[in-house]
Structure formats: C-alpha cells, structure tokens
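Notes for the one structure printed next.
Everything numeric here is computed off the predicted structure, so don't read it as measured data.
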Amino acid sequence: MERFRVAVRHPLQGCRLRQLPVDVIKIDRSFVNDVETTRGEAVLAGIVTLAHAIGAHVIAEGVETNAQLAALSALGVDSASGYLLAKPAAPEHFPLPRTTDPAPSGGAGLHTTLQNLLRQLSTA
C-alpha cells in the first residue's frame, strides 16, 4: 500500500504552519501506544494543544485498550479509531471514492481539498 505524505520544511521560513488549511491532525498509533508513559503523555498533550490552537480536530489511531481510550479522552482528543472501537471495514463500505473511481473534479481520485493543498504547496 502506498502512503502519501506532505512535509513542510522550515515552517518558519516562508510557508507557515498556521496558514495551511489543516482541519484534522491524526495521531499515529505509535504515539497512542506510549500514552500510558509520562513521556508519551507529555508528547500527546503537546500535539493536542497545538492542534486545537490551530482549530484542528484531533483523531487518535490504533486505540486498542480501554486505558488508552480513557487517557486520550482526558488529554482532549476529539475522535479515535482502532480495534477497540471497530474492526477495519471492507473497501466497498469506505465512504470516499477509491483512486480507481473517477474524481468529480476530473483529478486522479484525490479529494478537492487535497488537490488545492498540493497546488498551494507547489507554488510556495
């Protein structure tokens, strides 16, 4: 499975993080796994604080235990996903168009918001 990544290099020089149209911050399960440690909790608290400061919704991925869910909730995480909450759905139940489906805007199957973000980043 291919992954798509967007990186902002030197966010304080030229392109600023607060100017990017970020609506959602997803927390990887590698961070969720450490939520019950002092260091992990501190890192997650910082991520959640930053995300909320820019008006983003925070989603924690890979939640597998009730203790993780409780700790993430206490930190202010807005949503969570993982085996504790639901098993992965079959592709036909996925609400977004697959890349093999024609995109409404005539693009290569990317959501229009993502297309706009990529355009902004390429001209920055």
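Residues Val77 and Val48 have side chains in contact (heavy-atom distance under 4.5 Å, counting atoms from C-beta outward). Contact of the Leu75 side chain with the Glu41 side chain is registered, since non-hydrogen atoms from C-beta on lie closer than 4.5 Å.
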Donor-acceptor list for residues 61-70 side chains, cut-off 3.5 Å, not counting sequence neighbours:
residue : atom : partner : partner atom : Å
Glu61   : OE2  : Lys26   : NZ           : 3.2
Thr65   : OG1  : Gln68   : N            : 3.0
Gln68   : OE1  : Glu64   : N            : 2.8
Gln68   : OE1  : Thr65   : N            : 3.2

Show which side-chain atoms of residues 49-60 pair as donor or acceptor with protein atoms under 3.5 Å away, not counting sequence neighbours.
residue : atom : partner : partner atom : Å
Thr49   : OG1  : Ala45   : O            : 2.8
His52   : NE2  : Asp78   : OD2          : 2.9
His57   : NE2  : Ser79   : OG           : 2.6

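With hydrophobic clusters built from ILVMFWY side chains whose heavy atoms lie under 4.5 angstrom apart, Leu84 shares a cluster with Ile27.
Phe31 and Leu44 get closest at one heavy-atom pair: O-CD1, 3.5 Å.
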